[in-house]
Amino acid sequence: MSRDSQSTTQSSAGPIVGIDLGTTNSVVACFDERGPYILDEDAGPLVPSVVRYSSAGDTVEAVGVDARLRAVEFPDRTIASVKRLMGRSARDAASDQPFLSYEIVEGAHETARIRVGERIITPQEVSAEILRELKRKAEAALGTPVQRAVITVPAYFDDAQRQATRDAGRLAGLEVVRIVNEPTAAALAYGIGAGASAPQTIAVFDLGGGTFDISILAITPAEEDDNSPAGADFFQVLSTAGDTHLGGDDVDHMLFRLLATEISQQFDISLDRDVLDLTASIRQAIREFSESIKITLSAEESAHVRIDLGAGRFFERTITRDELDALLAPWIDQALVSCRRALRDSKLEASDIDRVIMVGGSTRIPLVRRRVGEFFSVAPYTALDPDLVVALGAAAQASILSGDDRSRLLMDVIPLSLGIETAGGAVAKIIVRNQSAPARAAETFSTSVDNQTSIKLHILQGEREMVEDCRSLAVFHLAGLPPMPAGIPQLEVEFLVDANGVLSVSAVEKRSGKRASLQVVPAHGLTRDEVERMETESLTHAREDMTRHRIVDLIANTQLDVKWIRAQLDRLSADLDPDYRADLEKRIAYLDDIITRAQSDWRSVDPEDFHSAKQALDEASVRMHEISIAKSLREDENHPA
Ligand code: AMP
């Protein structure tokens, strides 16, 4: 079938959405010619996988956020984590009963069902309510009926669990065009396989709120000459392992226990099996603080809490990231035990893994990233939001199935230059377009302002010379630098684009050793047309852009030099002959004037004039440098160390 007739089929049947039907949260995504994107509403992208029924169990009262928020009020009729029951027997599901607030009963063919009031509900029906909510959300965002979906399931789901997921889709009025493994979807979201020439082995490390899964995938790219449609790469799950009760919730419990024990000791409040003798709302507040401390410590080095315990008592505590890391070490070790098992089952060594993809909210914890990176000896992929990556991959699969996979940019060459913002809003290109991937390049920069303790790194893509004409990919900060004069810090910035097209940027300030890094997928949301447009624009504006970049750089360099010369003029006041001083001051005034004009309208300045004036000042100031050095030496002789 030709692409045209396939697109016609697609438009008559409406869009295909990608759905991550998760244990805790679900997400729906779609695609257009720019690639997959999340269907978002004011409430945010995540729909809590929670359904509340009426007390008789015959009607649905709430799905999503509202059902989750009021779960503690209606524990026996609020159904959360239904994914744990999908397609399972009541006997198998019984091990989950202690973690669930509602009652599991046995239905026909020994299947697990849920009792709410008088009614016995199947897990498929509950999942269908969540899917219906996602369908509604997608229809509202797209403004068109949605009848088809790709839905993801864990790689270890058996036939019964996959069939139950299909049934849930059907009940929700969705044709499930494909069930895709979650780790495969994560790889697709990163464009893995697209255009690559060599087979790859990928580990997908999925650590959510309550579950941990590790999957090892082998990806064999489609042969270039076999005429298979884009995306026909072969994804094979080599092994899976995990722990159905390991996740971020454990971290919240550990922090809760730490706070509860200290509160109990400090205020002499009794603590019995994790229950403090305080009101339910204060206990709930302490639980919420536990999660927010954890989330703060993913971004900051320390987190401070002040908890009102009532009766004029306040508990205050600052928890550092090091303290949390020490608490988490055994918890991460447990996840790594599963990783070892998965490797053993697929008969591989950690060093055989080419790439690791991070999925699930708990992979935002820096220690998790670090330990996983050390375990597999590769920096894990974190460029895409770990809560959204599976839904994005489901939408990528939907795009392939609808024959509309124009979004994929082959990454064997880097289509647009990559660089960082420098002083005055110019862009320094670090990797230039059309280099083949993988590519690595580094450059050293410094600061233009005194005593900067944090340096902003703005990553850009495009061919133009100024920030405003390029595409902004990401911003991050290298913080915690000791104050130093402008020009003294040595910031080495390294760009690495790997064979899958993922860009890792790392920055190190060499004098202090401070480091920071970040990943992005530069091809995300870019179409071939856009690449072409950006290229054409750069040609049209080439001369103008070059001039502007040159002037911006001249301004930054002149300002730094003039600042130094002015400081020397003050220091050497008695040592300089007045004519020489006047000459330097005249040159500085001339340059000051050029800079003022350039800053209001760069076109009003002739770059050649500017450059010669700057050069003339440089030459004229050589004598002052010599006088300055001689004076410093004299001072040293008079005051030996
Ligand atoms: P998921 O099941 O993938 O939605 O993951 C949810 C888990 O991720 C919960 O335990 C959250 O507390 C945790 N989480 C979300 N954001 C962060 C963060 N920034 N740092 C640490 N944990 C987080």
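These figures come from a predicted structure and were not determined experimentally. Each ligand, and each atom within it, is numbered from 1 in the order the structure gives.
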>> Check Arg136 with Glu139, please: is the shortest side-chain N to carboxylate O separation under 4.0 Å?
In response: no
> For atom 15 (C) of ligand 1, which of Lys294, Arg364, Glu291 has the closest heavy atom?
Replying inline: Arg364
> Can any side-chain N or O of Glu182 pair as donor or acceptor with the backbone N or O of Val390 at less than 3.5 Å?
Replying inline: no
>> On a heavy-atom basis, I'd like to know which of Ser290, Gly361, Gly22 is closest to atom 17 (C) of ligand 1.
In response: Gly361
> Should Asp252 be counted as touching ligand 1, given the test is an N or O pair under 3.5 Å?
Replying inline: no
> Should Gly247 be listed as contacting ligand 1, given a heavy-atom distance under 4.0 Å as the test?
Replying inline: no
>> Distance under 4.0 Å to a non-hydrogen atom of Asn25: what atoms of ligand 1 satisfy this?
In response: 4 (O)
>> Side chains of Asp96 and His245: any donor to acceptor distance under 3.5 Å?
In response: yes
>> Looking only at the aromatic ring of each residue, does the gap between the centers of Phe205 and Phe212 stay below 6.0 angstrom?
In response: yes
>> Which of the numbered atoms in ligand 1 are under 4.0 angstrom from any heavy atom belonging to Ile365?
In response: 21 (C)
> Does a sphere of radius 6.0 Å around CG in Asp159 hold more than 12 heavy atoms from other residues, nucleotides or ligands, not counting ones at 6.0 Å or beyond?
Replying inline: no
> So does Arg178 have more than 12 non-hydrogen atoms from other groups sitting under 6.0 Å from CZ?
Replying inline: no
> By number and element, which atoms of ligand 1 are closer than 4.0 Å to a non-hydrogen atom of Asp387?
Replying inline: 1 (P), 3 (O), 4 (O)
> Any idea which of Gly209, Ser298, Gly248 brings a heavy atom closest to atom 7 (C) of ligand 1?
Replying inline: Gly209
>> Between Arg287 and Asp252, does any side-chain N to carboxylate O distance fall below 4.0 Å?
In response: no
>> Taking 4.0 Å as the limit for heavy-atom contacts, which would you say applies to Thr211 with ligand 1: side chain only, backbone only, both, or neither?
In response: neither
> Which atoms of ligand 1 are found less than 4.0 Å from any heavy atom of Gly360?
Replying inline: 3 (O)
